[in-house]
Amino acid sequence: MRFNPLTADAHWQKVWEERGSFRASDERGGRPKAYILEMFPYPSGRIHMGHVRNYTMGDVLARYRRMNGFEVLHPMGWDAFGMPAENAAMEKKVHPGEWTRRNIGTMRSQMKRLGFALDWSRELATCDPDYYGHEQALFLDLYEAGLVYRKQSEVNWDPVDMTVLANEQVIDGRGWRSGAPVERRKLSQWFLKITDFAEELLDGLDTLDRWPDKVRLMQENWIGKSRGMRFRFALAEPVAGHESLEVFTTRPDTIFGASFAAVAPDHPIALALAEGNEALAAFIAECKQGGTTAAELETAEKKGFDTGARVVHPLDAAWTLPLYVANFVLMDYGTGAIFGAPGQDQRDLEFARKYGLPVPRVVAPTIEEAADPVGDEAYTGPGIIVNSRFLDGMDVETAIAEVIRRAEAEGWGQGTIVWRLRDWGVSRQRYWGAPIPIVHCAACGPVPVPRDQLPVVLPEDVSFALPGNPLERHTGWRDVPCPQCQGPARRETDTLDTFVDSSWYFIRFASQPAGAPFDKAEAERWLPIDQYIGGVEHAILHLLYARFWTRALKRIGRLDVAEPFKGLFTQGMVTHLTFQDEAGRWLTPEEAAAHPGPVRTGRVEKMSKSKKNTVDPEPIVDQYGADAVRWFMLSDSPPERDLEWSEAGIQGSWRFVQRLWRLAAEEAERGGSTWLGGGEGSSEEKALDRKLHQTIAAVGANIESLAFNKAVANLYELATAIEKAPPSSSRSKAVRALVVLAAPMVPHLAEEAWAALGGEGLAADAAWPEADPALLVADEVTIAVQVNGKLRDTLTAPKGAPREALEEMALASEKVVRSLEGKTPRKVIVVPDRLVNLVA
RNA sequence: GCCCCCGUGGCGGAAUUGGUAGACGCGCUCGACUCAAAAUCGAGUUCCGCAAGGAGUGCCGGUUCGACUCCGGCCGGGGGCACCA
């Protein structure tokens with residue numbers, strides 16, 4: 001009498017599909033909507049356990065919302081552009097499109113076997129011209145709105161993948177994919193003006209109260225708002241037409257602590273000065289060579305070159321400071337120039353000590369320390385301004401405001417805000433991406449491809465025999481007449497960063513007309529996404545870009561949605577034991593078992609091919625069925641933390657699935673016969689009723705807060721309570737309810753059990769039971785009795801018993817009397833229905 | 001370096017606003033069933049102790065009648081950012 005997932009899974013999946021159970025209808029008939037989305041996968045080949053965990057969580061929520069009367073949109077698609085397809089093309093001589101589509105086919109069928117309640121009718125793949133053509137149209141919309149521009153810029157060049165990387169894709173100075181040290185190159189690139197939205201993107205974070213604090217904080221830091229002041233130093237002698245030097249500082253209060261000024265090696269003034277100064281030119285060249293890896297920067301010496309030029313202090317015309325070119329000043333932050341106040345900045349201090357510059361103290365923690373020299377550490381804390389003329393005696397904040405006020409009044413500077421966030425470079429020198437719909441004409445410049453010529457379709461006949469972008473070599477595709485003057489012109493051969501593809505796919509899911517990216521009204525009926533679930537690795541890149549894209553669409557009037565993701569949940573990874581041989585080579589569990597030599601059992605780590613600790617979900621589903629796998633993905637570990645895969649764990653889940661089935665099957669066999677003994681309303685029945693209703697409330701609350709591990713525990717408890725209860729109508733009701741409560745998690749078993757119990761329709765369509773508030777409260781409570789805060793006894797009292805009664809009962813306890821040792825309590829604390837604490 | 005999070009049994013983890021620490025699961029032990037095994041069922045399982053009892057949520061201190069929970073300081077682990085002026 002076992003539950004056989006092999007037949008049941010396929011059967012019910014077919015039933016759901018035939019009935020279109022999970023198709024979202026835009027006609028909602030007054031029902032509230034719930035848009036539940038998991039981050040769509042990159043079709044890398046086969047699904048992995050991380051996918052299974054991610055999609056199971058979303059699925060439980062989607063099914064739960066349906067059962068609660070929501071019209072649910074729960075779609076799935078493919079983030080199908082990207083470099084692995086090109087790598088496969090080069091290595092396996094297969095076209096990226098073919099490789100990608102094959103992977104999609106495999107992964108789709110693997111996913112279907114897990115029984116996810118997905119609306120497959122809305123499936124999309126970003127590599128489909130049907131999708132990226134609309135993306136090209138949106139790109140042109142943004143272009144026309146002035147949110148896209150082209151600029152020569154120094155880029156992060158990955159010499160292995162031969163492509164440009166976004167700042168976000170450079171990790172510790174290395175390409176995020178290739179791991180190769182990144183080089184600096186100048187290229188003409190397309191940029192999206194995300195910095196236009198810096199303030200909005202930052203402020204918007206405050207409205208995202210259903211996002212993890214961690215992610216909001218990471219985005220906040222990434223946007224990096226700094227308040228400060230820009231101001232100009234006059235140059236004592238003009239340099240190639242430059243009469244002044246503009247700097248940015250967050251500490252205008254330390255202006256009298258200035259002892260030098262410094263510019264970036266690629267600052268125009270530095271370059272101008274280098275014209276007639278070979279030593280300086282050599283220094284600048286040396287700075288450019290420096291590596292960009294974190295390790296190199298960490299150890300890199302702070303180096304400067306005294307240009308001999310001097311700048312005039314803005315508050316004292318008789319005071320000049322030396323002007324350095326310094327390797328640690330960045331051209332693309334602030335103004336590319338700083339002033340150094342070594343007393344209040346550690347890096348400035350090290351620089352000043354190295355070059356023998358003065359180190360005045362202008363902030364002291366207390367007035368007594370005003371004259372103390374600065375030691376090895378700059379003082380960056382709060383305090384009183386000293387040695388600073390009219391600022392003396394002010395606190396830091398007041399002094400900052402005062403200097404800004406004065407600079408603005410006198411016209412040499414102004415308060416300002418500087419952002420860390422840079423514009424988003426979207427050009428990629430790759431084939432397998434959405435072509436940028438622009439034609440370059442020698443006479444007209446960049447010209448947008450006319451709308452009626454969209455999509456600009458990727459040519460299929462390309463060769464990957466040479467490194468670099470095959471589009472550049474494909475003359476038949478590349479060379480086209482200029483749309484404006486019909487003269488000879490070339491298509492843009494760069495393609496869009498794949499993060500563009502994922503910046504709006506959730507809108508296309510909500511609305512997919514043929515002739516437009518989406519229908520405004522229809523998309524607005526589904527958006528924002530109520531719950532978005534995915535890996536924390538996308539905390540900055542994808543989520544920030546998608547927020548930007550949504551706001552950009554709002555600005556140009558295409559979509560009236562401010563924030564695309566109302567709720568965000570970042571789930572933990574799936575980990576597994578690792579094994580290594582004596583030489584440190586990673587071994588699969590099977591290899592480890594068969595290995596002749598000593599095997600080191602390593603740490604539990606994220607499943608990865610390189611560590612050979614992956615577990616392919618498919619054979620596991622073959623063996624245990626979809627429900628056991630789903631149950632395991634939800635059990636034990638809180639969803640935001642890592643989940644360790646284990647054979648024992650999956651077996652435990654399998655046992656529970658069978659146990660649940662036995663409960664239902666036995667009940668079905670007994671089938672509605674009348675019960676002897678333990679008559680209606682017995683205390684045993686009442687206890688089970690209460691347990692049931694408490695479980696209904698708890699499971700619902702726990703699913704809603706995505707605490708699946710707790711919901712799982714609730715169901716275990718209910719199952720145990722039912723098993724221990726004698727047959728009765730309460731028990732029969734409880735079994736049926738248990739099946740419904742478990743349905744979002746183990747949907748195939750639920751259908752099978754539901755059918756066996758003669759339930760109407762599908763378990764998937766069953767209404768979520770309502771918890772009876774009267775049954776949520778017990779009529780007897782256990783009271784803890786403490787003496788001096790230490791637990792001495794527990795006693796049972798009717799709910800709502802008066803304080804005096806509880807106190808009396810406590811004092812009557814033998815154990816309490818013993819603990820009191822004859823003393824009389826001088827204070828009694830009573831928390832009704834909870835505890836009595838006797839203080840002696 | 002800066003910012004953030006987390007430290008609870010053998011293990012994963014529970015514990016509304018401070019109010020019976022260890023729910024639930026895994027593992028383990030003993031027992032039942034079985035020729036035997038698997039499956040299943042029952043009992044037990046924080047530590048010390050035969051027990052009464054005592055100790056206990058990384059460590060030290062504080063607030064409180066009462067602290068896993070709040071505060072201060074340390075130690076350990078993880079994550080993010082980083083020549084950002």
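Each chain gets a letter, A, B and so on, in the order the sequences are listed, and its residues count up from 1. Keep in mind that this is a model prediction, so the values were computed, not measured.
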#### Entry: Aromatic centroids of A:Tyr716 and A:Trp631 separated by under 6.0 Å
yes
### Task
For B:rC41, take OP1 and OP2 only and decide whether either is under 4.0 Å from a side-chain N or O of A:Arg662.
yes
### Task
Determine whether any donor atom in the side chain of A:Arg826 lies under 3.5 Å from an acceptor atom in the base of B:rC65, or the reverse, and answer yes or no.
no
### Message
Strictly below 4.0 Å: does A:Arg251 bring a side-chain N or O up to OP1 or OP2 of B:rA85?
### Response
no
### Query
At under 4.0 Å, does any side-chain N or O of A:Lys214 touch on OP1 or OP2 of B:rC3?
no
### Message
Please report the interatomic distance CG(A:Asp793) to CZ(A:Arg818), rounded to the nearest 0.5 Å.
### Response
9.5 Å
### Query
For B:rG9, is chi within 90° of 0 (syn) or not (anti)?
syn
### Whole-Å gap separating P (B:rG22) and CG (A:Asp636)
19 Å
### Query
Can you tell which of B:rG80, B:rC81, B:rU20 lies closest to the side chain of A:Met218?
B:rG80
#### Entry: Spacing of A:Thr380 atom OG1 and A:Leu349 atom CG [to the nearest 0.5 Å]
11.0 Å
### Task
Determine which nucleotide pairs with B:rA32, using a 3.5 Å limit on both distances of a Watson-Crick or G-U wobble pair.
B:rU40
#### Entry: Residue met sooner reading RNA chain B from 5', once A:Gln786 and A:Tyr333 are mapped to nucleotides
A:Gln786
### Query
So, A:Thr695 versus A:Asn714: side-chain donor-acceptor pair below 3.5 Å or not?
no
### Query
How about A:Thr575 and A:Arg641: does a side-chain donor come under 3.5 Å of a side-chain acceptor?
no
### Query
Can you tell me how far C1' in B:rC59 sits from the matching atom in B:rU8, rounded to whole Å?
15 Å
### Query
With respect to the side chain of A:Lys790, which nucleotide from B:rC26, B:rG19, B:rA55 is positioned closest?
B:rA55
### Summary
Between CZ of A:Arg655 and P of B:rA38 the distance, given in whole Å, is 12 Å
### Task
Please figure out whether A:Ser653 or A:Ala713 has its closest RNA chain B nucleotide nearer the 5' end.
A:Ala713
### Task
Report yes if the side chains of A:His267 and A:Val329 come closer than 4.5 Å at any heavy-atom pair, otherwise no.
no
### Task
Output yes when at least one side-chain N/O atom of A:Arg216 is less than 4.0 Å from OP1 or OP2 of B:rC3, else no.
no
### From B:rU17, B:rG80, B:rC83, nucleotide with atom closest to A:Ile540 side chain
B:rG80
### Task
Give the rounded distance in Å between these two atoms: CD of A:Glu807 and P of B:rG19.
22 Å
### Query
Considering only side-chain heavy atoms of A:Phe328, which listed nucleotide, B:rU40, B:rC83, B:rA15, is closest?
B:rC83
### Message
Return the pairing partner of B:rG76 with a 3.5 Å limit on both distances, Watson-Crick or G-U wobble; otherwise return none.
### Response
B:rC6
### Query
Can you check whether A:Arg659 has a side-chain N or O nearer than 4.0 Å to OP1 or OP2 of B:rU40?
no
### Query
Does B:rG53 have a Watson-Crick or wobble mate here (both distances under 3.5 Å), and if so which one?
B:rC48
### Query
What distance, rounded to whole Å, do you find between the two P atoms, one in B:rG25 and one in B:rC41?
11 Å
### Message
Does A:Leu217 reach a base, just sugar-phosphate, or nothing at all? Heavy atoms under 4.0 Å.
### Response
sugar-phosphate
### Query
Considering only B:rU40, B:rA39, B:rA85, which nucleotide approaches the side chain of A:Arg2 most closely?
B:rA39
### Task
Quick one: label A:Val418 by what it contacts on the DNA or RNA (base, sugar-phosphate, nothing), any heavy atom closer than 4.0 Å.
nothing
### A:Asp642 CG - B:rG13 C1' separation (whole Å)
14 Å
#### Entry: Separation of the C1' atoms in B:rG22 and B:rG44, to the nearest angstrom
16 Å
### Side chain of A:Leu330 (C-beta onward), nearest among B:rA15, B:rA85, B:rA39
B:rA85
### Message
Whether A:Arg420 contacts B:rA82 is assessed here as follows: a side-chain N or O lying under 4.0 Å from the phosphate OP1 or OP2. Is that the case?
### Response
yes
## Note on the structure
Out of B:rA85, B:rG19, B:rC3, minimum distance to the side chain of A:Ile338 belongs to B:rA85
### Task
Quickly work out the A:Arg347 CZ to B:rC2 P distance and round it to whole Å.
15 Å
### Query
What nucleic acid atoms does A:Ser635 come within less than 4.0 Å of, heavy atoms only: base, sugar-phosphate, or nothing?
nothing
### Message
If I take atom CG in residue A:Asn702 and atom P in nucleotide B:rG13, what distance separates them, rounded to the nearest angstrom?
### Response
16 Å
#### Entry: Between CH2 on residue A:Trp654 and CG on residue A:Asp627, distance to nearest 0.5 Å
10.5 Å
#### Entry: Euclidean distance, A:Phe328 CZ relative to A:Phe351 CZ, rounded to 0.5 Å
5.0 Å
### Task
Look at all strands and tell whether A:Tyr716 reaches a base, only sugar-phosphate, or nothing, counting heavy atoms closer than 4.0 Å.
sugar-phosphate
### Message
Could you tell me how far B:rC4 sits from B:rG73 if I compare only their P atoms? Round to whole Å.
### Response
13 Å
### Query
Partner of B:rG1 by Watson-Crick or G-U wobble geometry, both contacts under 3.5 Å, or none?
B:rC81
### A:Phe248 side chain, from C-beta outward: closest of B:rC41, B:rA85, B:rA15
B:rA85
### Message
Under 4.0 Å, counting only non-hydrogen atoms across every strand here, what does A:Thr782 touch: a base, just sugar-phosphate, or nothing?
### Response
base
### Query
B:rG12 phosphate, OP1 or OP2: any side-chain N/O from A:Asn709 under 4.0 angstrom?
no
#### Entry: Which atom of A:Leu205 lies closest to which atom of A:Glu220, heavy atoms considered
CD1-N, 3.8 Å
### Task
With heavy atoms under 4.0 Å as the rule, sort A:Arg818 into base, sugar-phosphate or nothing.
sugar-phosphate
### Message
Can you check the distance between B:rA23 and B:rG13, where both ends of the measurement are the P atom (answer in whole Å)?
### Response
15 Å
### Task
Considering only atom P, compute the distance from B:rA55 to B:rA39 and round it to an integer number of Å.
42 Å
#### Entry: Between B:rG7 and B:rG54 - P atom distance, rounded Å
29 Å
### Message
I want to verify a distance call: between B:rG13, B:rC65, B:rA85, whose nearest atom is closest to the A:Lys827 side chain?
### Response
B:rC65
### Task
Spell out yes or no: do the side chain of A:Asn837 and the base of B:rC65 have one donor N/O and one acceptor N/O closer than 3.5 Å?
yes
### Task
Report the distance from atom CH2 of A:Trp654 to atom C1' of B:rA38, rounded to the nearest whole Å.
13 Å
### Query
Looking for any heavy atom pair under 4.0 Å, which part of the strands does A:Glu717 touch: base, sugar-phosphate only, or nothing?
sugar-phosphate
### Task
Could you tell me whether the phosphate oxygens of B:rG54, OP1 or OP2, come under 4.0 Å of any side-chain nitrogen or oxygen in A:Arg792?
yes
### Summary
From the candidates B:rG19, B:rC84, B:rC26, the one with an atom nearest any side-chain atom of A:Arg422 is B:rC84
### Task
Measure up the A:His313 and A:Phe256 rings against each other and bin them: parallel (under 30°), tilted (30 to 60°), perpendicular (over 60°).
parallel
### Query
How would you label the contact of A:Asp345 with the nucleic acid (heavy atoms, under 4.0 Å): base, sugar-phosphate, or nothing?
nothing
### Query
Taking the C1' atom of each, how far is B:rC28 from B:rU46, in whole Å?
14 Å
